[in-house]
Amino acid sequence: MDIEEEKIGEKPLNFLEKIIEDDLKNNRVPDNKIVTRFPPEPNGYLHIGHIKSICINFGLAQKYGGVCHLRLDDTNPTKEDVEYIDSIKEDIHWLGFDWGKEEYYASDYYQQLYEIAVQLIKDGKAYVDSLSPEQMREYRGTLTEKGKNSPDRDRSIEENLRLFQEMKEGKLKEGAYTLRAKIDMSSPNINMRDPALYRIKFASHPRTGDKWCIYPMYDYTHPISDAIEGITHSICTLEFEDHRPAYDWATAIDGIDHAPHQYEFSRLNINYMLMSKRRLLNLVNLELVTGWDDPRMPTVSGVRRRGYSPESMKDFVSRVGVAKTEGVVDYSLLEFCVREDLNKKATRIMAILDPIKIVIDNYPEDKIEYFAAVDNPEDPQSATHQMPFSREVYIEREDFMEVPPRKYHRLYPGNEIRLKYTYYITATSFEKDENGQVSVVHCTYDPESFGGDTPDKRKVRGTSHWVSVKHAVDAEVRLYDKLFISEYPGGETGNYIDDLNPESLIVVNHAMVEPYSSEAKVGDYLQFIRNGYFCCDNKDHSDKHPVFNRTVTLKDSWAKMKKKMGI
Ligand code: ATP
Ligand code: MG
């Protein structure tokens, strides 16, 4: 194969790959080893947006033979929790990435950060300010108006050192004092107007306990953590672009001898979804969902429980790509990737969600036959499994009609259909219950018919899936749909609660599923023929009480509906 040929079908490099290749080529990377990091704040569960960041950071390290650190950015003790740390690790592993020994915590650097702050004070580059938060906001100015110097800005070094010491020793009240960098109150960039470096917070930290009552700010902690760890490419989302000068200021502090660069890409946004930990936490707290891992949540644990595979999530973010332009990705692209992947993986089984009983009057009462059903018709080498067949079977209620409309090719009195993988049956009569609903359909079968064929090559147009009554597994089936009905939840008002989809979960208490489903385990991918892709619920599923979640419908009925409605 020549090189030209090899390049066909290759994806062009994204802007980050170009930067890295250029840096490597020009020997700008120590030891030619790139070091990235994924730096979540452990204040919630990861969501699909984070998957993009994980794939970028771990993906680049993998591609260029470098390493990616996991850094828990734990500088806000009041919002952070060990439960979140554990979930973050589990989610990254589920996606197939590993940080090896490179697990770091911003809190590991508290002592170093403190010493650097003391040095800054000694160098006259930081001061303790007693402005209240409101005053500080007022002094900061606006985008069009310069800020003004705090009266404390010229405090003596000795006094600053004493006050900072008192802050650290818990002698001063929360909110009363702040350590600030002395940069420039008239800078056009608000983030450079003497940003806060430390605040007082009497809060126990999940890792450092009560050792500290002063905590460093993000804009101070993050760049120095990057520098300490020897990060070469510090990749974050666009909202940090305006913070880059503060990042560069921090990594240029005397004594810090490694200066990483920060690069920004656009966040992943998907319509019909919320992608903010704060808002997702609110849904959890208000019990509008069953938890962070509710299968309707856009969290990694939610989509895992819903039955999305890690491969489909990686495929999705790779199709979205890496760029600097903000945009909203269509939900249907996400579901497209999920379907593409499940079509290849899912074991096909038959499940009747709304059963109606068929009695085949001319089939012997105690006879049981077994028919081979293909596990996955997409796979030419697919295995098969045996489906028991008996005199009574369930089919979907919608597959029978007393009075068929035009073009209805399924079962109705006098009509013949095929039961998938087995006989042809013809409806002869039916019974109704006390509510006037059809309860039993009587049929006859043709013993000479088999699967797709009869000796006389008779054609039938309808095929139904079915489950033998006496072999059926009684299961709970949870039909999930979008959590929000509005394309931009919260829209202009911000009240996203009003936009919740009242039909985001419909529970079928007694679905009838073929017995092969008993072999399905949590983590398996299933297709219920004609009904969608499903999985075993990873919390509630058991042999005694099978619970299946609908991962996604077989087709994009939503897109079809939108098209019909012209939107
Ligand atoms: P949220 O706004 O949901 O609370 P965050 O940005 O505060 O998210 P962090 O824990 O700080 O969450 O994020 C860790 C990393 O993931 C950061 O580098 C951040 O830029 C990135 N990230 C967060 N949300 C997205 C997103 N929607 N798309 C891409 N990357 C994201
Ligand atoms: Mg954040």
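In what follows, residues are counted from 1 in the order of the sequence shown. Indexing begins at 1, ligand by ligand and atom by atom, following the structure's order.
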Look only at interatomic distance and state if [X] has a nitrogen or oxygen under 3.5 Å from any nitrogen or oxygen of ligand 1.
X      : answer
His47  : yes
Arg278 : no
Cys236 : no
Phe265 : no
Asn43  : no
Arg267 : yes

Considering only heavy atoms of [X], which atoms of ligand 1 have at least one such atom less than 4.0 Å away?
X      : value
Pro39  : 14 (C), 18 (O)
Pro40  : 10 (O), 14 (C)
Thr237 : 19 (C), 20 (O), 29 (C), 30 (N), 31 (C)
Glu41  : 9 (P), 10 (O)

In terms of its nearest heavy atom to atom 27 (N) of ligand 1, the top option of Leu238, Leu268, Ile88 is Leu268
Who gets closest to atom 23 (C) of ligand 1 by heavy atom: His50, Arg279, Lys277?
His50
Does the pair Glu115 and Gln111 meet the rule for a side-chain hydrogen bond (donor to acceptor under 3.5 Å, both in side chains), with working shown?
CA-CA 6 Å; Glu115 285 162 17; Gln111 184 60 33; 2.8 Å; yes
Using 0.5 Å steps for rounding, measure from the [atom1] atom of [X] to the [atom2] atom of [Y].
X      : Y      : atom1 : atom2 : answer
Met217 : Leu113 : CE    : CG    : 13.0 Å
Asp294 : Leu483 : CG    : CG    : 7.5 Å
Asp248 : Met192 : CG    : CE    : 8.0 Å

Centre of Tyr272's six-membered ring, under 6.0 Å away, within 45 degrees of the axis: is that where NZ or CZ of Lys482 sits?
yes
Does NZ or CZ of Lys168 fall inside the cone over Tyr114's six-membered ring, less than 6.0 Å from its centre and within 45° of the axis?
yes
Relative to each other, are the rings of Tyr110 and Tyr215 parallel, tilted or perpendicular (30° and 60° limits)?
perpendicular
